[in-house]
J.: 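Here you go, one structure.
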Amino acid sequence: MSKNPMIKRMLAVSVAAAMFGAVGAQAQTGESTQAGQQSGSSATSATASGSAKLTSADRKAITDMAMSNMAEVEMGKLAQSKSQNAEVKAFAQKMVDDHGKALTEVQTLAQSKSVTLPTELDAKHKAMSAKLEKLSGDAFDKAYVKQGGVGAHKETLAKLQKASKGAKDADVKGQVDKTIPVVQEHLKHAEQLAQGKSSSTGSTGAAGHTGSSH
């Protein structure tokens, strides 16, 4: 008779222990799941806040770089098809190559910062291209070198230098600072063409510099 109560007590203790263990395991699983959810949500919020922290000036710097690169590529292609001057055509090809590569870099940067880029030229650059389209021969060459070469690169350089001073985002500043020396070389080359000087040395120098800066 004394054995039965003993066995019952042992069974009761075993059942209680098993129940306690199951409850503990469930609680632990719930805590780890909750921790995982909190970790995931904090990572998501960090990413969201990262893109939200981009200042309007930094966003503008990205879109400005994209627009100037698009415009130089379009005008360069136009000059490739319309110009009969070997030096002008060589300059135009360099604009297509260099600004095409820079545009790809800016597109990658924009995607990482959740910035939507324009898909076509703005009214100003469309008007510039339309004006060039109507010209031919020496008139085209002079206008292209003056507008797409000297004028456009002066404007782009001024915007980049301003953006570099005011940039808050390290990636945006890095892209801006990387682009500045390339634009400076393009401007120097364009000024040589505008003055009618031989650009063979300037072209080689620009190519070498651009190659090292990308």
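Heavy atoms only: backbone and side chains are in, while hydrogens, waters and symmetry mates are out.
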J.: With sequence neighbours excluded, tell me which residues meet salt bridge (charged side-chain N to carboxylate O under 4.0 Å, His left out) with Asp177.
T.: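 Here the qualifying residues are Lys173.
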J.: Determine, step by step, whether Asp169 and Thr55 satisfy the side-chain contact (heavy atoms from CB on, under 4.5 Å) criterion, reporting the C-alpha distance in whole Å, the side-chain angles of both residues, the deciding distance to 0.1 Å, and the verdict.
T.: CA-CA 8 Å; Asp169 184 272; Thr55 65; over 6 Å; no
J.: Just so I know, are the side chains of Pro181 and Gln184 near enough to count as touching, which here means a heavy-atom distance under 4.5 Å?
T.: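 Yes, at least one pair of side-chain atoms sits under 4.5 Å.
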J.: Could you state whether Phe140 and Leu193 fall into the same hydrophobic cluster, counting links through intermediate Ile, Leu, Val, Met, Phe, Trp or Tyr residues with side-chain heavy atoms under 4.5 angstrom apart?
T.: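 In one cluster: yes.
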J.: Using modelled atom types and a 3.5 Å cut-off, is there a donor and acceptor pairing between side-chain atoms of Thr108 and backbone atoms of Thr104?
T.: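 Side chain of Thr108 to backbone of Thr104, a donor-acceptor pair under 3.5 Å: yes, one is there.
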J.: For Asp64, which residues count as a side-chain hydrogen bond (donor to acceptor under 3.5 Å, both in side chains) partner, sequence neighbours excluded?
T.: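 For Asp64 the side-chain hydrogen bond (donor to acceptor under 3.5 Å, both in side chains) partners, ignoring immediate neighbours, are Lys60.
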J.: Under a 4.5 Å side-chain heavy-atom rule over Ile, Leu, Val, Met, Phe, Trp and Tyr, are Met65 and Val96 clustered together?
T.: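 Not linked; separate clusters.
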J.: Go through the structure and list residues passing salt bridge (charged side-chain N to carboxylate O under 4.0 Å, His left out) with Lys89, not counting sequence neighbours.
T.: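 Not a single residue meets the salt bridge (charged side-chain N to carboxylate O under 4.0 Å, His left out) criterion with Lys89.
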J.: Of all residues at least two apart in sequence or in a different chain, which pass the side-chain hydrogen bond (donor to acceptor under 3.5 Å, both in side chains) check with Lys126?
T.: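 Applying side-chain hydrogen bond (donor to acceptor under 3.5 Å, both in side chains) to Lys126 gives Glu120.
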J.: Side chains of Glu72 and Met75, heavy atoms from C-beta outward: is any pair under 4.5 Å?
T.: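 In short, these two side chains touch, coming nearer than 4.5 Å.
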J.: Answer yes if Ile180 and Val106 sit in the same cluster of Ile, Leu, Val, Met, Phe, Trp and Tyr residues linked by side chain heavy atoms under 4.5 Å apart, and no otherwise.
T.: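 They do share one cluster, since a chain of ILVMFWY contacts under 4.5 Å joins Ile180 to Val106.
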J.: So which heavy atom on Val145 is nearest to which on Ala194, and how close?
T.: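 Minimum heavy-atom contact is CG1-N, 3.6 Å.
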J.: Any side-chain heavy atom of Val115 sitting closer than 4.5 Å to one from Leu54?
T.: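 Of all side-chain heavy-atom pairs linking Leu54 with Val115, at least one is under 4.5 Å.
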J.: Any idea which heavy atoms bring Ala61 and Ala163 closest together, and the distance?
T.: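 That would be CB-CB, 3.9 Å.
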J.: Nearest 0.5 Å please: distance from the CZ atom of Phe91 over to the CG atom of Asn85.
T.: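 If I round to the nearest 0.5 Å, the distance is 12.0 Å.
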J.: Just to verify, what does Lys124 make a salt bridge (charged side-chain N to carboxylate O under 4.0 Å, His left out) with, not counting sequence neighbours?
T.: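 Salt bridge (charged side-chain N to carboxylate O under 4.0 Å, His left out) check on Lys124 returns Glu155.
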J.: May I ask you to decide if Leu135's main-chain N or O and Lys82's side chain share a donor-acceptor pair within less than 3.5 Å?
T.: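 Such a contact is found between Lys82 side chain and Leu135 backbone.
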J.: Please list all pairs meeting ring pair (Phe, Tyr, Trp, His ring centres under 6.0 Å) that have one or both residues in residues 146-183, counting only residues at least two apart or in different chains.
T.: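 Passing the test, one end in residues 146-183: His99-His153, His153-His186.
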J.: Hydrophobic clustering (ILVMFWY, side-chain heavy atoms < 4.5 Å, transitive) - are Leu160 and Val150 grouped together?
T.: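 In one cluster with Val150: Leu160, yes.
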J.: To the nearest 0.5 Å, tell me how far Leu78 CG sits from Tyr144 OH.
T.: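 Here the interatomic distance stands at 9.0 Å.
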J.: Do side-chain atoms of Asp58 reach the backbone of Lys168 as a donor and acceptor pair under 3.5 angstrom?
T.: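 Looks like yes, one N/O pair under 3.5 Å.
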J.: Taking Gln80's backbone N and O only, do any of them form a donor-acceptor pair with Ser83's side chain (distance below 3.5 Å, no angle check)?
T.: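 No: the side chain of Ser83 does not pair with the backbone of Gln80.
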J.: How long is the span from the CG atom in Asp171 to the NZ atom in Lys113, to the nearest 0.5 Å?
T.: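 Taking CG in Asp171 and NZ in Lys113, the distance rounds to 4.0 Å.
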J.: At what distance, to the nearest 0.5 angstrom, does CD of Gln147 lie from CG of Leu132?
T.: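 With rounding to 0.5 Å, CD (Gln147) is 5.0 Å from CG (Leu132).
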J.: Working to the nearest 0.5 Å, report the span between NZ of Lys188 and CD of Glu185.
T.: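 Going from NZ on Lys188 over to CD on Glu185, the span is 5.5 Å.
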J.: Of all heavy-atom pairs between Gly100 and Val73, which one has the smallest distance, and what is that distance?
T.: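 So the minimum-distance heavy-atom pair works out to N-CG2, 3.6 Å.
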J.: Can you give me the closest heavy-atom contact between Asp122 and His125, atom names plus distance?
T.: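 Looks like OD1-ND1, 2.7 Å.
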J.: In Å and rounded to the nearest 0.5 Å, what is the CG to CZ distance from Leu117 to Arg59?
T.: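 Those atoms lie 11.0 Å apart.
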J.: Do Met70 and Met128 share a hydrophobic cluster, counting only Ile, Leu, Val, Met, Phe, Trp and Tyr and linking them when any side-chain heavy atoms are less than 4.5 Å apart?
T.: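 No, no single cluster joins them.
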J.: Any chance the side chains of Gln93 and Asp97 put a donor and an acceptor closer than 3.5 Å?
T.: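 Short answer, yes.
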J.: Quick one: do Glu191 and Lys154 satisfy side-chain contact (heavy atoms from CB on, under 4.5 Å)? Show the steps, please.
T.: CA-CA 10 Å; Glu191 287 173 338; Lys154 277 186 176 180; 3.8 Å; yes
